[in-house]
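One structure is given here, and the rest of the page talks about it.
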Amino acid sequence: MAYQVNLPVFEGPFDLLYHLIEKHEVDIYDIPIAQIAEEYLAYLRQMDELDLEVASSFVVMAAQLLSIKARMLLPAPTMEGDSGGEPEPVDPRAELVERLLEYRKFKAVAEVLKAQEGIAAQVYPRVVDPASLAHLFREVNPLEGVMMGDLLAALQKALRRQRRDEMVADVPREEVSVQQRMNEVLANLQQTPAEPAPLERFFTGNHYRDELIVTFLALLELVRLRRIRLLQRETLGAIYVLLRE
Amino acid sequence: MFAQEMKGAVEALLFVSGEPLPLETLAKITGIEAGELAELLAGMAEEYAGQKRGWRLEEVAGGYRLVTCPEYAPYIEQLLQHPKAGLSHAALETLAIIAYRQPVTRLEIEQIRGVKADHSLANLLGKNLICEVGRKETLGRPILYGTTEEFLRHFGLRQTEELPKLDEVFVQEEIPLFAEQPVGDEKE
Amino acid sequence: MFAQEMKGAVEALLFVSGEPLPLETLAKITGIEAGELAELLAGMAEEYAGQKRGWRLEEVAGGYRLVTCPEYAPYIEQLLQHPKAGLSHAALETLAIIAYRQPVTRLEIEQIRGVKADHSLANLLGKNLICEVGRKETLGRPILYGTTEEFLRHFGLRQTEELPKLDEVFVQEEIPLFAEQPVGDEKE
């Protein structure tokens, strides 16, 4: 086999089939299967450098083409038509054609997207670092609005909770699933969608280690699913949770 | 309300936000009624265009944002020195299927494209152009994918509905895939 | 060179750049001679001011940059949701425990609160409401925390001893969370 350079790259078997159909300007509804299958196989033999995953899909299509070719050599089976109706012969190529047409739509849309991408790439938004705007803001007092009573109430609550945890020995823990917790976090964030919520908000009220773990896992999962974002403006600064759109 | 000051405030808000700002957000912060605000924004867009400013106001992905005018892209590329990379053809095909068929599973994408889509999907997820939108309630509960706001931004679209209808693409775009055939084959 | 186009290019460059742009950089990219460019920039600065735009052009160390006008800071603050002044409930609890039990270690705080306190501590340290006051001479020599001057100042106290006594407070407060329990449980 001759070493061939500049072998066109095809995105998949449909892409290659199209190329062949286009090249020979044949009617998609009347594909000369024998000819196209042969060319398809010829191409396949040249592409021994492809990675296995992509190559295998090409091979599957080759088998399909050969199968269609074989069926076309046989007398056409007929579909059971309505009583009295003319039975219609089933074209072995029908399913392939349908899939090719379907694929062609998306191939065309991909071209539209590509053009659109080119246009959109010509405009640049500003890349804004929120930290660079910090100087605009008022100096904040972290204790603003906090009265001595609030401080004491907080302490009282913590002490009482400690007391309660010690006293009550056998309360069955509420089992919260990660999914459930994810929903709670999202619901909480959706109340004020544009507002970053302090991370600790989601951990308050988590008295048990496994509850904390579930919350943490839920947050990680939401980050992975790109539903939320975590922000930290400075080292050791507060971490905020923000809903992604 | 002083029109000039309000315009300044809206401009300042658009200026500091890299992301498109929804009308509601702008309305909430400035206290301007949404209809009036939309008019103000339309006026601003016209003003920028008329004054041939370096930026323009565009409506994209459900919001408004300021972006540089396309004619200055060559200058900006020199400054930023990393021209935006386009998506691969495989990624574009996968994205096209997701955009039109969302929510859609990997298997459904692969059936249309005829090849594995793992790589494209990972690529698109990494670029935040698609996201997991749920699970299909069938065997194996496969992940369902959909497009993101970033997808809209990447392609400069206001909403996915702005994309041409699937069956209209050939007619509108004149992509000569089957130039020898009459247009009629799209009727099916 | 067409003045209007060049102004647009300069505007676009200033718009996308997060950092001040040196005159030389702008000159190099646009091909405008430095003296001419400086004039153009001065003209632009005046124009923005005259039109009461949302931003202004300023010359800072290292070059030119566009920044929002200070009068719009309150709007921007709302947009970017500057972290609210208030502490989270967890942080407040931690602060309260430190105030009354100082010097106290992280472990001791966690034993009272029943949950990890790392985050609250980092938060409070960052806000300068608590500080490290030493090490406890036990295994691992854990850090001891105490409240800062800033904490005292906020509550108008001269020293931590001026904090109201715990027992007095609970009588006053009458928050009947666990009314069946004797108040005595706070004495520990």
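Here is how names work: the chains are called A, B, and so on, in the same order as the sequence lines, proteins then strands, and each is numbered from 1.
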So which part of [X] gets closer than 4.5 Å to some heavy atom of chain C, the side chain, the backbone, both or neither?
{"X": "B/V10", "result": "neither"}
{"X": "B/L26", "result": "neither"}
{"X": "B/E47", "result": "side chain"}

So does B/E46 have more than 12 non-hydrogen atoms from other groups sitting under 6.0 Å from CD? no

Count the heavy atoms belonging to other residues, nucleotides or ligands that lie under 6.0 Å from CD of C/E19, then report whether that count exceeds 12. no

Just verifying a value: how many Å separate [X] [atom1] and [Y] [atom2], rounded to the nearest 0.5 Å?
{"X": "B/I76", "Y": "C/S17", "atom1": "CD1", "atom2": "OG", "answer": "10.5 Å"}
{"X": "C/L66", "Y": "B/F15", "atom1": "CG", "atom2": "CZ", "answer": "4.5 Å"}
{"X": "C/L79", "Y": "B/I29", "atom1": "CG", "atom2": "CD1", "answer": "4.5 Å"}
{"X": "C/Q78", "Y": "B/T25", "atom1": "CD", "atom2": "OG1", "answer": "11.0 Å"}

Residues in residues 49-60 of chain B that sit under 4.5 Å from chain C, counting heavy atoms only: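 Only B/Q51, B/K52, B/R53, B/G54, B/W55 of residues 49-60 of chain B have a heavy atom under 4.5 Å from chain C.
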
Carefully, step by step, assess B/Y75 and C/M6 under the rule side chain to side chain contact (heavy atoms under 4.5 Å, CB included). CA-CA 10 Å; B/Y75 298 104; C/M6 277 306 142; 3.2 Å; yes

B/Y72 versus C/A9, closest heavy-atom pair with distance: CE2-N, 3.4 Å

Taking every non-hydrogen atom, the tightest pair across B/A12 and C/T68: O-CG2, 3.7 Å

Under a 4.5 Å heavy-atom cut-off, does chain B meet the side chain of C/L14, its backbone, both or neither?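 When you check distances to chain B, no heavy atom of C/L14 falls under 4.5 Å.
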
